[in-house]
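The block underneath contains the structure these notes are about, expressed in C-alpha cells.
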Number of protein chains: 4
Amino acid sequence: MRSRESAALSRTRRARREDLIAAAIQVISQDGYGAASLERIAREAGTSKGNALYHFSSKEELYQAVATTLFETGAAYMAERLRAAGTPAERLRTYLESNLRFITLNAAHVGATQRILQNSTTVQVIEVEDAAAPLRRLLQSGQDSGEFGAFDPEITALSIRAAIDMAAFLFLRHPDLDVEHYISETVALFLRAVQPAPAPSASASASAP
Amino acid sequence: MRSRESAALSRTRRARREDLIAAAIQVISQDGYGAASLERIAREAGTSKGNALYHFSSKEELYQAVATTLFETGAAYMAERLRAAGTPAERLRTYLESNLRFITLNAAHVGATQRILQNSTTVQVIEVEDAAAPLRRLLQSGQDSGEFGAFDPEITALSIRAAIDMAAFLFLRHPDLDVEHYISETVALFLRAVQPAPAPSASASASAP
Amino acid sequence: MRSRESAALSRTRRARREDLIAAAIQVISQDGYGAASLERIAREAGTSKGNALYHFSSKEELYQAVATTLFETGAAYMAERLRAAGTPAERLRTYLESNLRFITLNAAHVGATQRILQNSTTVQVIEVEDAAAPLRRLLQSGQDSGEFGAFDPEITALSIRAAIDMAAFLFLRHPDLDVEHYISETVALFLRAVQPAPAPSASASASAP
Amino acid sequence: MRSRESAALSRTRRARREDLIAAAIQVISQDGYGAASLERIAREAGTSKGNALYHFSSKEELYQAVATTLFETGAAYMAERLRAAGTPAERLRTYLESNLRFITLNAAHVGATQRILQNSTTVQVIEVEDAAAPLRRLLQSGQDSGEFGAFDPEITALSIRAAIDMAAFLFLRHPDLDVEHYISETVALFLRAVQPAPAPSASASASAP
DNA sequence: GATGAATGAGCCTTCATTCAT
DNA sequence: TATGAATGAAGGCTCATTCAT
C-alpha cells in the first residue's frame, strides 16, 4: 500500500534539486539578491536549510545550478530555432526573436541568473566565450554578403546584446507589457540599423519633397 | 606623532567624505558589491570604520552619497551639452555622445552606482521619473517633424538606454577600448535605426521580384 | 566526539531556552544589566551567541521570555493562594504573604525582570493594568465593610507595592535575611496601618498626659 | 563693550559643569538610561562631546557629579528641617515630609540618580552607610520612649524607605499628582503603622467574641 | 534524505575616549 | 575652553556551514 505520502517522501533527488533551484529564482526575483539566504530559499522550497546543503554542497553550487540550468534550457530552446539557415537578415531576426521570446518565458530565471553572475565571484557560465561573439559573426557574414551595411560588427553586437540582456528586468518590472509588440519592434529597430545606407540618390531626398 | 603630516591632518570634512566616496567606488568596482564592507572601504580610504561612520551616519548614507554625487556631476555635464537646441537627429546625437562620454570618464563611478541601485533597498535616485522618458520625448519630436521614421518611441528609447547603461561595464571590463570609435559607431547605429524607411523605389522592391 | 553526552545532546528546544533564560537572570543579577551581553549570557548557558539567537530571535525576545515566565509562574503561584476568599484583612495578609514569599523564592528572577522592564523600551508585561489596582480594590472593599480605616486607598496601595517591589533587591543584597520574620513583620506593619483609628477614648489621650 | 555673547562665552567652569549635570538628568529622565550617551548629553547641554570630557574626565565622573550634587542639596535641604528636635513621631513626620517634598521638587534628579546607582558599577554615594540607618535609629528611639509600638525597626525602616524611594518615579510618571495630598496620606499611613497597639479594650476584643 | 541544533566569522553600528588645533 | 576628527572596543545580528540523529 503505497500511500500518496510515500510518493511525496520518495521524491527523487532531481525533483528536490529542481525545487530548490526554483525557490532560489523565486526568492531572488521577489526579495532581491541580498535577501536570498539559504534559510529563506529552503523555506520557499518547503524544506530545511540542512537539507538544501545535502542536495547542494554549498550555496554557490546551488547558484551555479541556477545558472547552468538556464543556459542548458536556453541553448536547447534556441538551437532548434537557429538551426535552419537563411539569409543573415533572417538569421538576425530569428536570433533576436528566439532570444527575446525565451527571456519573456523565463524572465525570473534570467533575471536571477544575471544577479548571481553579477554578484558571485565563483559562479561561472560554461561558455566563457564572449556572449556577443556568435552575433558578431552573424553580422559579419551579413556584411560579407552585402546584405548588411558598413558598421563595426563588434560594437553593433554589443548594443544588440545590451537590448537583449535588459529585457528580463524590463519584463519583470512591467509584467503587463505586450510581448509580441516589444519583440517585433526591437527586431525591426535593429534590422533597420544594420541595413545598408540607402543610395544617396534623388529618391532619398524624395522622402521630404 | 603625525604632526608633520599637517596637510593630511587638515583635511576638511568634505575631503574626507570624498575620500570615502572614492574608496567605496573603488572597492565596489574592484572586489564587487558583496565584498564592499565598511571596514574594507574605510581601509581603502586610509581611515577607520568608526571614522567612516562619523562622516556618514550609515553605510546606506555613504552609498546614497555615491549615487547623488554621480547624478549631480552627470546632470551638470550633460546639461550644458544638451542646452543647445537643434534638429532631433542632432539632439539624439548629442544625447548619446554626452551620455557615453560621461560614462567613459566615470566608468567606475557609474558601475558602482548601478550596483548600489540594484542591491540597495533604500538608496534612491532623485529623478524618480523613468530614465528613458526624456529620450522618448526626443524621439517623438523627431517623428512629429518627420525627421524620424515610424517606430515605437518607448521601445526604441529603452533599447538606446540599454546600450548606454551597458557602457560602464563594458569600459570597466575593456579599459583599452577605443572610446571615440565606440561612441561614433553607437551613435551611427541608432541614427540609422531611427531614420525613415527609404522610399520604396525600384531597388528596394527588387527583393520581392 | 561528544557522542557520550547523549543526555546533553538530546536537550530539547525548551530546555535550551530555559537554560538561556536562567543564564540571563544569573548574569543580570550578578554582573548588572549593563554587563549582560548576549555573548556573556550565552557563555553562562554553556553555548554560543549564535545559538542563543537561534533559540531567541533577538536579545529583546530573550528578555521578554524572562519577564513572561516570571509572570506566568508568579500568577500561578498566587492564584491558588488568593482564591480562598475571606475578610479583607485576611486577603490583605494573604496578598502580602504570597507576594513576598514568591519573591523570596525567585529573588534573582524578579530582580532581573525589574531591571529589564526598567531599561528595555520594548519588553512589555501582559497585564498592562496598573499593578496596584487589585490591591487598591482590596483596600476599598475593606473600607466599605468598615474593617479598614479611612485613608486614600490609591496611595496606600502604592506604598504597599513599593515595599513588595523592593523586596527582591533586599533579598539579593542580604541573602541571610530571616525571610519568615521579614514577611510577618511587613504584614503586621501594613495591617496596623489600615486598621481603623482607635476610638479617641480617654485611654488614647492618656499617653500624653 | 562686552557683548552678551562674550558673557556667554566666558561661562565659568562651574556653570558649564552644572549645564552638563542638568543635561544628563534631562536625557536620562526623558530618553532613559540606555539612551544617555555623552554625545546626546553634550548636545542637550549645548556643547560638544569633547568639551564635556574636558569638564568631566569621564562619563562616570559626570554621573558621579549628578549623584553627588543630589546628595549635597538633599542633605542641605533636610538638615535644617530635621535639626529641630521633637518627639519621635514629630521627627518621623518631619523626616517623611521633608524627604518626600524634596523628591517632588527634584523628581528628575532623584530618578536619574537612582538609575545611575542601579546601573553604574563605579558611581558611589558618599554615605556608604545604609540609607535606612538614621530612620531605624529614629524608630528605635520612639520605641524606647514608648511612643511607638512593638515592631522590628529595621524592617519598618526599610518599608518606609521603599515608599520614599518609589516616590520619584511616581511623580515622574504622574506629574499631575496632588503632591500635598500624597505626602500627608503617606505620613499618616506610617504614623498609624508605628503607633502602639490600642489597649485591648472591650471594643477591640469585640472582634473575637 | 531530512532536520534541528550549533558554531564562528563577518557585518553594521554605537560609544567612550583621545588628540590636534 | 572648545571642537571636530579619529580610533578601537564591544555589541547585536545574519548567515553559510557542520554535525548528530
Side-chain angles (χ1 to χ4, degrees), chain A residues 9-13 16 34-42 46-62, chain B residues 1-3 5-6 8-13 15-16 34-42 46-60 62, chain C residues 1-3 5-6 8-13 15-16 34-42 46-60 62, chain D residues 9-13 16 34-42 46-62:
Chain A
L9 287 179
S10 69
R11 294 187 64 84
T12 164
R13 185 179 194 80
R16 200 35 121 192
S37 67
L38 256 187
E39 167 74 30
R40 179 88 184 70
I41 291 170
T47 184
S48 68
K49 186 166 49 165
N51 194 33
L53 285 165
Y54 170 78
H55 288 283
F56 295 96
S57 60
S58 74
K59 192 193 191 187
E60 288 287 304
E61 210 200 69
L62 166 59
Chain B
M1 303 293 177
R2 312 189 305 200
S3 52
E5 314 175 20
S6 79
L9 285 181
S10 71
R11 300 193 68 84
T12 168
R13 182 174 191 80
R16 192 47 107 189
S37 68
L38 259 184
E39 168 74 29
R40 180 87 183 70
I41 292 170
T47 185
S48 67
K49 185 169 48 167
N51 195 34
L53 286 164
Y54 170 74
H55 289 283
F56 293 95
S57 59
S58 72
K59 192 195 192 188
E60 289 287 303
L62 167 57
Chain C
M1 301 294 178
R2 309 190 305 200
S3 54
E5 313 176 21
S6 80
L9 286 181
S10 71
R11 300 193 67 85
T12 166
R13 183 175 191 80
R16 190 48 106 189
S37 67
L38 262 183
E39 167 75 29
R40 179 86 184 70
I41 291 170
T47 185
S48 68
K49 185 169 49 166
N51 195 33
L53 286 165
Y54 170 73
H55 288 284
F56 293 95
S57 58
S58 72
K59 193 193 192 188
E60 288 286 304
L62 167 58
Chain D
L9 287 180
S10 69
R11 295 187 64 84
T12 166
R13 183 178 195 80
R16 201 33 121 191
S37 66
L38 255 187
E39 168 74 31
R40 179 86 184 69
I41 291 169
T47 185
S48 68
K49 188 166 47 165
N51 194 33
L53 286 165
Y54 169 78
H55 288 284
F56 295 95
S57 61
S58 74
K59 192 194 193 187
E60 288 288 301
E61 209 199 72
L62 166 57

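Proteins get letters first, then strands, A, B, ... in listed order; numbering begins at 1 in each.
To the nearest whole angstrom, the two C1' atoms, one in F/dT21 and one in E/dG1, are 13 Å apart.
Rounded to an integer number of Å, the gap from C/Ile41 CD1 to F/dG12 P is 8 Å. Here the C1' atom of nucleotide E/dT3 and the NE2 atom of A/His55 are 12 Å apart, to the nearest Å. At whole-Å resolution of the value, CG in B/Leu62 and C1' in E/dT13 are 14 Å apart. Across the protein-nucleic acid pair, C/Arg40 atom CZ and F/dG11 atom P stand 11 Å apart, rounded to whole Å. Here E/dC11 presents its C1' atom at 14 Å from CG of C/Leu53, a figure rounded to the nearest Å. Following rounding to the nearest Å, B/Phe56 (CZ) and E/dC11 (P) show an atom-to-atom distance of 20 Å. Between the CD atom of C/Glu39 and the P atom of F/dC13 there is a distance of 14 Å, given to the nearest Å.
Side-chain nitrogen and oxygen atoms of A/Asn51 include at least one within less than 4.0 Å of the OP1 or OP2 phosphate oxygen of E/dT3. In terms of phosphate contacts, A/Tyr54 brings no side-chain nitrogen or oxygen within less than 4.0 Å of OP1 or OP2 of E/dA2. Taking only side-chain nitrogens and oxygens, B/Arg16 comes nearer than 4.0 Å to OP1 or OP2 of F/dA6.
Each of C/Gly50 and B/Gly34 was matched to the nucleotide of DNA chain E holding its nearest heavy atom; the match closer to the 5' end belongs to C/Gly50.
Taking only side-chain atoms of C/Arg13, from C-beta outward, the nucleotide of E/dT3, F/dA5, E/dA5 with the closest atom is E/dA5. The side chain of B/Ser37 lies closest to E/dC12, out of E/dC12, F/dA6, E/dT18. Residue D/Thr47 has its side chain nearest to F/dT3 when only F/dT3, F/dT1, F/dA6 are considered.
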Dump the intermediate steps for side-chain contact (heavy atoms from CB on, under 4.5 Å) on A/Leu62 and A/Leu38, then the final yes or no.
-> CA-CA 10 Å; A/Leu62 166 59; A/Leu38 256 187; 4.3 Å; yes
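The structure places CD1 of C/Ile41 at 12.5 Å from OG1 of C/Thr47, a figure rounded to the nearest 0.5 Å.
Closest approach of A/Ser57 and A/Glu61 over heavy atoms only: OG-OE2, 3.0 Å. In this structure, C/Ala42 and C/Ala52 approach most closely via the heavy-atom pair CB-CB, 4.2 Å.
Contacts of A/Ser48 with the nucleic acid, taken as non-hydrogen atoms under 4.0 Å apart, include base atoms. Residue C/Leu38 is in sugar-phosphate contact alone, with no base atom involved, counting any heavy-atom pair closer than 4.0 Å across all strands shown.
Pairs of Watson-Crick or G-U wobble type, with distances under 3.5 Å, assemble into runs of 3 or more in DNA chain E at these ranges: E:2-21 with F:2-21.
Relative to the six-membered ring of C/Phe56, C/Arg16 misses at least one condition, a distance below 6.0 Å or an angle of at most 45° to the axis.
For D/Lys49 and F/dT3, a side-chain-to-base donor-acceptor distance below 3.5 Å is absent, hydrogens and geometry of angles not being considered. At a cut-off of 3.5 angstrom, counting only N and O atoms as typed in the model, there is no donor on one side facing an acceptor on the other between the side-chain of B/Lys59 and the base of E/dT13.
Listed for the C/Thr12 side chain is no donor-acceptor partner under 3.5 Å among the backbone atoms of C/Ala15.
Looking only at side-chain heavy atoms (C-beta outward), A/Tyr54 and A/Lys49 stay at 4.5 Å or farther from each other.
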